[in-house]
Q: 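Structure provided below as structure tokens; questions to follow.
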Amino acid sequence: MRISVVTPNFNMGHYLNETIRSVLANLRPGDEYFVIDGASTDDSIEIIKKHSAQLSGWVSEKDGGYAEALAKGFTRATGDILCWINSGDMYLDGAFEAARALLIDDVDMIFGDDFYIDEHSAIVSFSRGWVPDLRSATLYGGWTPLQDACFWRRDIYQRVGGIDASLGYAADYDLFLRMSQVGRTRYVPVTFSAFRRHAGQRSLSGAEAYEVERQRVRRRELDALPVSGWRKLYRSAAYRIAMSARSRIAPFAWRRSDLAGRSVASLRCGPFWPAGAPNQSVSIA
């Protein structure tokens with residue numbers, strides 16, 4: 001199966017080279033990689049041009065934000081499997097081969113684990129993406145899987161209408177919400193990637209706007225359900241409590257303090273869950 005990857009970028013030249021190199025290291029013949037730049041004014045264009053011979057395509061022009069950039073990239077994609085990695089984040093070596101092996105015939109989307117890394121690509125913490133039921137977790141709990149550790153089939157992306165380019169903040173949640181409602185999803189206990197924390201990060205600076213959009217698209221899906229209002233309220237309350245408890249417990253239950261400070265580039269894609277965690281059986285051979 002061929003994989004198509006998109007990286008949206010705007011003035012992230014300081015980290016863009018690492019992101020691009022991590023993708024290129026995972027590609028095999030037939031895969032595609034598109035970098036969609038929003039008319040950056042830093043050194044991003046020079047970095048993209050340096051790798052242009054290995055890219056399937058790139059563009060630099062003003063856009064309405066990362067969702068519009070992703071829509072442009074996925075419109076160009078022809079692969080069987082789609083994914084995206086934001087500029088600054090990184091894939092671990094072997095991530096695509098693992099995704100190909102794990103996205104089997106009866107699954108439309110897989111979601112896994114990642115690392116948080118600092119501005120120097122050193123591991124800060126391990127983040128486990130496990131939930132028992134992605135459909136309910138997104139719909140009732142408002143939960144978003146670890147975006148950089150998600151891979152899905154192009155046909156389910158097209159079936160739900162693709163990413164909503166009109167959303168400025170919560171387009172990731174909206175896309176995974178819609179795909180999880182109609183597709184067959186599966187958690188896999190594999191660490192595919194690393195998510196970078198850095199100053200000025202949109203996910204941090206736009207937290208309030210993200211929440212407003214998230215609640216709006218979630219309400220849209222809830223209102224469309226053919227079930228009673230009381231049932232929706234009960235499930236929503238229960239999942240909000242469960243997701244809140246999960247967020248408090250996770251840093252302690254699944255921590256990998258032994259990896260803190262290690263360069264993420266030294267690690268290969270694979271299982272990194274702590275001993276005793278559930279769902280530990282996986283084969284990526």
Q: How long is the gap from CZ on Arg159 to CZ on Arg154, to the nearest 0.5 Å?
A: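 Arg159 atom CZ to Arg154 atom CZ measures 13.5 Å (nearest 0.5 Å).
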Q: Under a 4.0 Å N-O cut-off, is there an ion pair linking Arg186 with Asp108?
A: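 Judged by the 4.0 Å cut-off on N to carboxylate O distance, Arg186 and Asp108 do not form a salt bridge.
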Q: Please report the shortest heavy-atom distance between Phe192 and Ala98, naming the atom on each side.
A: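 Heavy atoms only, the tightest pair is CE2-CB, 3.9 Å.
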Q: Treating Lys232 as the side-chain partner and Leu225 as the backbone partner, does any N or O pair qualify as donor plus acceptor under 3.5 Å?
A: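 Present.
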Q: Do Met179 and Thr185 make a side-chain contact, defined as non-hydrogen atoms from C-beta onward lying under 4.5 Å apart?
A: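 Heavy-atom side-chain distance check fails, nothing below 4.5 Å.
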Q: Of the non-hydrogen atoms in Ala77 and Leu82, which two are nearest, and what is the gap between them?
A: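 Looks like CB-CD2, 3.8 Å.
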Q: Can you confirm if the aromatic rings of Phe111 and Phe176 lie within a centre distance of less than 6.0 Å?
A: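 No - the distance between ring centres of Phe176 and Phe111 does not fall below the 6.0 Å cut-off.
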Q: Quick check: closest heavy atoms across Gly38 and Asp63, and the distance to 0.1 Å?
A: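 Heavy-atom minimum between the residues: CA-OD2, 3.5 Å.
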Q: Please evaluate residues Phe272 and Leu267 with respect to the criterion side-chain contact (heavy atoms from CB on, under 4.5 Å), reporting the C-alpha separation (whole Å), side-chain torsions for both, the decisive distance (0.1 Å), and the verdict.
A: CA-CA 10 Å; Phe272 283 96; Leu267 300 178; 4.1 Å; yes
Q: Distance only, no hydrogens: is a donor on one side chain within 3.5 Å (strictly under) of an acceptor on the other, for Thr7 and Asn9?
A: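 There is no such pair (donor and acceptor under 3.5 Å, judged by atom type) between the side chains of Thr7 and Asn9.
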Q: Mind checking whether Ile156 and Leu134 sit in one hydrophobic cluster, side chains of I, L, V, M, F, W, Y counted as touching below 4.5 Å?
A: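 Yes.
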Q: Check for me, please, whether Val6 and Phe10 land in the same ILVMFWY cluster - side-chain distances under 4.5 Å, paths through other members count.
A: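 No; Phe10 is not reachable from Val6 via cluster members.
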Q: Between Glu18 and Arg196, is there a salt bridge with N-O shorter than 4.0 Å?
A: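 Glu18 and Arg196: salt-bridged.
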Q: So, using ring pair (Phe, Tyr, Trp, His ring centres under 6.0 Å) as the criterion, who are the partners of Phe96 when residues are at least two apart?
A: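 Partners of Phe96 under the ring pair (Phe, Tyr, Trp, His ring centres under 6.0 Å) test: Tyr91.
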Q: Do side-chain atoms of Glu213 reach the backbone of Gly168 as a donor and acceptor pair under 3.5 angstrom?
A: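 Present.
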Q: Is Arg100 salt-bridged to Asp31, going by a charged N under 4.0 Å from an acidic O?
A: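 So Arg100 pairs with Asp31 through a salt bridge.
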Q: Looking at every non-hydrogen atom in both residues, tell me the closest pair between Thr19 and Asn86 and how far apart they are.
A: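 Residues Thr19 and Asn86, closest heavy atoms: CG2-O, 3.7 Å.
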Q: Step through it carefully: locate the ring centre of Phe195, locate the ring centre of Tyr116, and say whether they are under 6.0 Å apart.
A: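 Aromatic pair counts; centres sit under 6.0 Å.
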Q: Ile81 and Trp152: side-chain contact (heavy atoms from CB on, under 4.5 Å), yes or no, with the steps?
A: CA-CA 6 Å; Ile81 300 172; Trp152 58 93; over 6 Å; no
Q: Please check if the number of heavy atoms outside Arg231 that lie under 6.0 Å from its CZ is greater than 12.
A: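 No - once you tally the heavy atoms of other residues, nucleotides and ligands closer than 6.0 Å, there are 12 at most.
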Q: May I ask you to say whether Asp258 pairs ionically with Arg256, meaning some side-chain N is under 4.0 Å from a carboxylate O?
A: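 Arg256 and Asp258: salt-bridged.
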Q: Answer with yes or no whether the side chains of Asp114 and Gln147 bring together a donor and an acceptor at under 3.5 Å.
A: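 Not at all, the side chains of Gln147 and Asp114 share no donor-acceptor pair under 3.5 Å.
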Q: Can you check salt bridge (Lys or Arg N to Asp or Glu O under 4.0 Å) on Glu119 and Arg197, steps first, answer last?
A: CA-CA 7 Å; Glu119 296 180 349; Arg197 293 284 191 180; over 6 Å; no
Q: Will you find, in the side chains of Ser121 and Ser263, an N or O donor that is under 3.5 Å from an N or O acceptor?
A: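 Distance-only check fails for Ser121 and Ser263.
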Q: Could you tell me if Arg255 and Ser125 have a donor-acceptor pair between their side chains, going purely by distance under 3.5 Å?
A: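 There is no such pair between these side chains.
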Q: Can you confirm whether Arg21 is buried at CZ, in the sense that more than 12 heavy atoms of other residues, nucleotides or ligands lie under 6.0 Å from that atom?
A: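 Count not over threshold, so no.
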Q: Go through the steps for Lys50 and Ile20 under the test side-chain contact (heavy atoms from CB on, under 4.5 Å), then give the verdict.
A: CA-CA 10 Å; Lys50 184 176 68 173; Ile20 292 177; over 6 Å; no
Q: Between the side chains of Ser4 and Glu32, is a donor N or O closer than 3.5 angstrom to an acceptor N or O?
A: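 Judged by distance alone, the side chains do pair up.
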Q: Side chains of Arg262 and Ser266: donor-acceptor distance under 3.5 Å anywhere?
A: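 Arg262 vs Ser266: donor-acceptor pair found between side chains.
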Q: With side chains defined as the heavy atoms from C-beta onward, is the minimum distance between Asp43 and Ile45 less than 4.5 Å?
A: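 No, side chains not in contact.
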Q: Taking ring pair (Phe, Tyr, Trp, His ring centres under 6.0 Å) as the test, write out the residues that go with Tyr173, two or more places apart.
A: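 Partners of Tyr173 by the ring pair (Phe, Tyr, Trp, His ring centres under 6.0 Å) criterion come out as none, since no residue qualifies.
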Q: Ignoring hydrogens and angles, tell me if any N or O in the side chain of Arg178 forms a donor-acceptor pair with the backbone of Val160 under 3.5 Å.
A: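 Present.
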Q: Mind telling me whether Trp84 and Tyr66 have parallel, tilted or perpendicular rings, with 30° and 60° as the class edges?
A: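 Ring orientation, 0 to 90° scale: tilted.
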Q: Where the side chain of Asp80 meets the backbone of Arg2, is there a donor-acceptor pair that is under 3.5 Å apart?
A: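 Here the side-chain-to-backbone pair exists.
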Q: Find out if a path of hydrophobic residues (ILVMFWY) with successive side-chain heavy-atom gaps under 4.5 Å connects Ile241 to Leu139.
A: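 Unlinked, Ile241 and Leu139 end up in two clusters.
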Q: Is there a side-chain hydrogen bond (donor to acceptor under 3.5 Å, both in side chains) between Ser136 and Arg235? Walk through the geometry before answering.
A: CA-CA 9 Å; Ser136 294; Arg235 288 186 175 180; 6.0 Å; no
Q: Checking the side chain of Arg128 only, and the main-chain atoms of Trp254 only, is there a donor and an acceptor separated by less than 3.5 Å?
A: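 No; judged by distance alone, with no hydrogens or angles, the pair does not exist.
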Q: So, the side chain of Asn26 versus the backbone of Leu92: is there a donor-acceptor pair under 3.5 Å, distance only?
A: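 Yes; at least one donor-acceptor contact below 3.5 Å.
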Q: Side-chain donor-acceptor pair under 3.5 Å between Asp42 and His14, yes or no?
A: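 Per modelled atom types, Asp42 and His14 side chains form no pair under 3.5 Å.
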Q: Which heavy-atom pair separates Thr138 from Pro145 by the least distance, and what is that distance?
A: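 Smallest interatomic distance, heavy atoms only, reads CG2-CD, 4.4 Å.
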Q: I'd like to know if Arg214 pairs up with Glu211 as an ion pair, taking the criterion as any Lys NZ or Arg NE/NH1/NH2 lying under 4.0 Å from an Asp or Glu carboxylate oxygen.
A: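 A salt bridge links Arg214 with Glu211.
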Q: For Trp58 versus Ser52, what's the shortest heavy-atom pair and its separation?
A: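 That would be NE1-CB, 3.8 Å.
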Q: What about Trp230 and Tyr239, same hydrophobic cluster or not, with Ile/Leu/Val/Met/Phe/Trp/Tyr joined at side-chain heavy-atom distances under 4.5 Å?
A: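 Each belongs to a different hydrophobic cluster.
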Q: Verify, without hydrogens or angle tests, whether Arg184 (side chain) and Met109 (backbone) share a donor-acceptor contact under 3.5 angstrom.
A: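 No, because the side chain of Arg184 does not come within donor-acceptor range (under 3.5 Å) of the backbone of Met109.
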Q: With a 4.0 Å cut-off, would you call Lys49 and Glu46 a salt bridge?
A: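 No salt bridge links Lys49 with Glu46.
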Q: Can you tell if the side chain of Val131 reaches within under 4.5 Å of the side chain of Arg246, non-hydrogen atoms only?
A: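 Of all side-chain heavy-atom pairs linking Arg246 with Val131, at least one is under 4.5 Å.
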Q: Kindly indicate whether the side chain of Arg218, heavy atoms from C-beta on, has any atom under 4.5 Å from the side chain of Ser236.
A: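 Yes; the side chains approach each other to less than 4.5 Å.
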Q: For the residue pair Phe115 and Leu259, establish whether any side-chain heavy-atom pair is separated by less than 4.5 Å.
A: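 When only atoms from C-beta onward are counted, Leu259 and Phe115 do touch, with a gap below 4.5 Å.
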Q: Does any N or O in the side chain of Ser87 come within less than 3.5 Å of the main-chain N or O of Leu16, such that one atom is a donor and the other an acceptor?
A: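 Flag not set: sc Ser87 to bb Leu16 has no pair under 3.5 Å.
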Q: If hydrophobic clusters are built by linking Ile, Leu, Val, Met, Phe, Trp and Tyr wherever their side-chain heavy atoms come under 4.5 Å apart, do Tyr157 and Leu70 end up in the same one?
A: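 Yes, because Tyr157 and Leu70 connect within a single hydrophobic cluster, where side-chain heavy atoms sit under 4.5 Å apart.
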Q: Determine whether Leu55 and Val35 make a side-chain contact, defined as any pair of heavy atoms from C-beta on separated by less than 4.5 Å.
A: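 Answer yes - side chains close enough.
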Q: Is it the case that Ser244 and Arg248 place a side-chain donor and acceptor less than 3.5 Å from each other?
A: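 There is such a pair (donor and acceptor under 3.5 Å, judged by atom type) between the side chains of Ser244 and Arg248.
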Q: Counting N and O atoms only, with roles assigned by atom type, does the side chain of Arg76 sit under 3.5 Å from a partner on the main chain of Lys72, one being a donor and the other an acceptor?
A: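 Yes; at least one donor-acceptor contact below 3.5 Å.
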Q: Please step through side-chain hydrogen bond (donor to acceptor under 3.5 Å, both in side chains) for the pair Asp133 and Tyr187, ending with a clear verdict.
A: CA-CA 9 Å; Asp133 177 5; Tyr187 166 74; over 6 Å; no
